[in-house]
Participant: 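Next up is a structure, given as structure tokens.
These values consider heavy atoms only, across backbone and side chains, with no hydrogens, waters or symmetry-generated copies.
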Amino acid sequence: MSLSIDRYWQAFVDTLIMVGVSGTIAFLVGIPLAVLLIITSPGGFLQSPRINQILGSVINGFRATPFIVLMVALIPFTRLVAGTSIGVWAAIVPLAISATPFFARIAEVSLREVDPGLIEAAQAMGCRKWDIVRHILLPEALPGIIGGVTITLVTLISASAMAGAVGAGGLGDLAIRYGYQRFDTPVMLIVIAILIVLVTVVQRCGDLYIRWLKNR
């Protein structure tokens with residue numbers, strides 16, 4: 001092994017930080033965005049075509065931009081927020097901005113699949129709009145939302161490895177600097193193996209949690 005265990009471990013921890021923090025931001029911001037898209041859409045109980053169209057266009061714009069292009073375009077903003085344009089914490093900024101609209105659209109699809117009859121029944125009983133969102137929309141859509149979280153985390157793992165190409169740190173940086181640029185094939189293979197295991201664990205945990213939610 002051409003690199004020490006400590007080097008791999010640090011790269012693994014850096015990747016977990018990037019994925020964990022950006023994934024948390026995507027979840028906390030993406031859920032409200034998805035709810036807003038649902039309730040302002042035609043037929044929603046706060047329907048507003050203008051707000052829905054503007055919000056949808058902004059989300060689609062970020063989703064349509066390749067991550068590597070978005071990361072470079074956001075360098076001035078990243079430097080403003082993180083104080084630097086390289087490193088783990090700098091990578092979190094474009095990762096979170098890229099993942100948030102992606103997750104918001106997945107959560108929106110899950111929310112749309114909630115039985116409209118439940119919402120109509122709640123409205124007939126005089127439930128407040130916030131209570132409908134909190135006690136009907138979100139709980140009923142939770143399995144789908146967790147599935148979206150799982151997909152988003154897997155996508156972030158891939159994106160974090162890509163971010164290593166511009167000095168973000170983590171497993172991607174290790175693979176590029178020591179594996180690719182120094183022609184050290186074992187380093188490349190070890191990093192690939194770690195990423196496969198990480199994705200498998202995330203996907204498995206997500207699947208088990210969804211199964212548990214559906215069997216409650």
Side-chain angles (χ1 to χ4, degrees), residues 15-49 51-71 74 91-116 118-119 129-130 132-163 195-196 198-216:
T15 296
L16 289 184
I17 292 173
M18 286 189 287
V19 172
V21 175
S22 56
T24 300
I25 294 172
F27 177 80
L28 294 177
V29 179
I31 290 293
L33 286 178
V35 171
L36 193 57
L37 284 169
I38 290 295
I39 65 177
T40 59
S41 64
F45 47 76
L46 285 177
Q47 59 179 328
S48 175
I51 293 177
N52 187 270
Q53 186 176 10
I54 292 174
L55 184 59
S57 297
V58 172
I59 289 175
N60 290 339
F62 278 103
R63 286 184 63 209
T65 306
F67 174 70
I68 193 70
V69 175
L70 182 64
M71 184 168 55
L74 287 173
I92 288 173
V93 176
L95 282 170
I97 293 176
S98 174
T100 297
F102 176 80
F103 172 68
R105 282 300 188 186
I106 297 177
E108 180 195 7
V109 172
S110 299
L111 290 168
R112 286 193 187 281
E113 292 177 351
V114 175
D115 186 359
L118 294 174
I119 299 174
K129 295 178 176 63
W130 169 243
I132 294 174
V133 171
R134 183 181 177 185
H135 297 294
I136 296 177
L137 271 178
L138 292 177
E140 290 293 324
L142 189 56
I145 291 174
I146 296 302
V149 171
T150 304
I151 294 172
T152 302
L153 289 177
V154 170
T155 303
L156 280 170
I157 292 171
S158 174
S160 70
M162 192 187 308
L195 288 172
I196 291 173
L198 184 56
V199 167
T200 302
V201 170
V202 169
Q203 187 66 57
R204 181 60 175 166
C205 290
D207 291 343
L208 289 174
Y209 189 38
I210 293 171
R211 190 180 306 167
W212 177 79
L213 287 172
K214 290 182 176 180
N215 293 332
R216 282 190 307 175

Participant: Let me know which of Thr200, Val199, Leu198 forms a side-chain contact (heavy atoms from CB on, under 4.5 Å) with Ile196.
Facilitator: Thr200
Participant: Show the numbers, then the answer: is there a side chain to side chain contact (heavy atoms under 4.5 Å, CB included) between Arg105 and Leu37?
Facilitator: CA-CA 9 Å; Arg105 282 300 188 186; Leu37 284 169; 3.9 Å; yes
Participant: To the closest 0.5 Å, what do you measure between CG (Leu36) and OG (Ser41)?
Facilitator: 10.0 Å
Participant: Could you tell me if the side chain of Ile39 sits less than 4.5 Å from the side chain of Ile132, heavy atoms only?
Facilitator: no
Participant: If you look at every heavy atom in Arg63 and Phe102, which pair is closest and at what distance?
Facilitator: CG-N, 4.0 Å
Participant: How far apart are the closest heavy atoms of Gly20 and Thr24, and which atoms are they?
Facilitator: O-OG1, 2.8 Å
Participant: Evaluate Val202 against Val19 for side chain to side chain contact (heavy atoms under 4.5 Å, CB included), listing each step before the verdict.
Facilitator: CA-CA 11 Å; Val202 169; Val19 172; over 6 Å; no
Participant: Taking all heavy atoms of Ile25 and all of Ile92, pick out the closest pair and write down the distance.
Facilitator: CD1-CG2, 4.3 Å
Participant: With rounding to the nearest 0.5 angstrom, report the CD1 to CG distance, Ile38 to Leu46.
Facilitator: 12.5 Å
Participant: More than 12 non-hydrogen atoms from neighbouring residues, nucleotides or ligands closer than 6.0 Å to CD on Gln47, yes or no?
Facilitator: yes
Participant: Quick one: closest heavy-atom pair of Phe103 and Ala26, and the distance?
Facilitator: CD2-O, 3.4 Å
Participant: Show which side-chain atoms of residues 140-154 pair as donor or acceptor with protein atoms under 3.5 Å away, not counting sequence neighbours.
Facilitator:
from: Thr150; atom 1: OG1; to: Ile146; atom 2: O; distance (Å): 3.0
from: Thr152; atom 1: OG1; to: Gly148; atom 2: O; distance (Å): 2.7

Participant: To the nearest 0.5 angstrom, please state how far the CE atom of Met71 sits from the OG1 atom of Thr65.
Facilitator: 13.0 Å
Participant: Quick check for you: to the nearest 0.5 Å, what is the distance between Thr15 atom OG1 and Leu195 atom CG?
Facilitator: 7.0 Å
Participant: Is it the case that the side chain of Ser98 and the backbone of Pro94 share a donor-acceptor pair, with hydrogens and angles ignored and the cut-off at 3.5 Å?
Facilitator: no
Participant: How many angstroms lie between CG in Leu95 and OG1 in Thr100, if you round to the nearest 0.5 Å?
Facilitator: 10.0 Å
Participant: Shortest non-hydrogen contact from Ala34 to Ala107?
Facilitator: CB-CB, 3.6 Å
Participant: What residues, two or more places apart in sequence or in another chain, satisfy ring pair (Phe, Tyr, Trp, His ring centres under 6.0 Å) together with Tyr209?
Facilitator: Trp212
Participant: Taking side-chain contact (heavy atoms from CB on, under 4.5 Å) as the test, write out the residues that go with Ser158, two or more places apart.
Facilitator: none
Participant: How long is the gap from CG on Leu118 to NE2 on His135, to the nearest 0.5 Å?
Facilitator: 14.5 Å
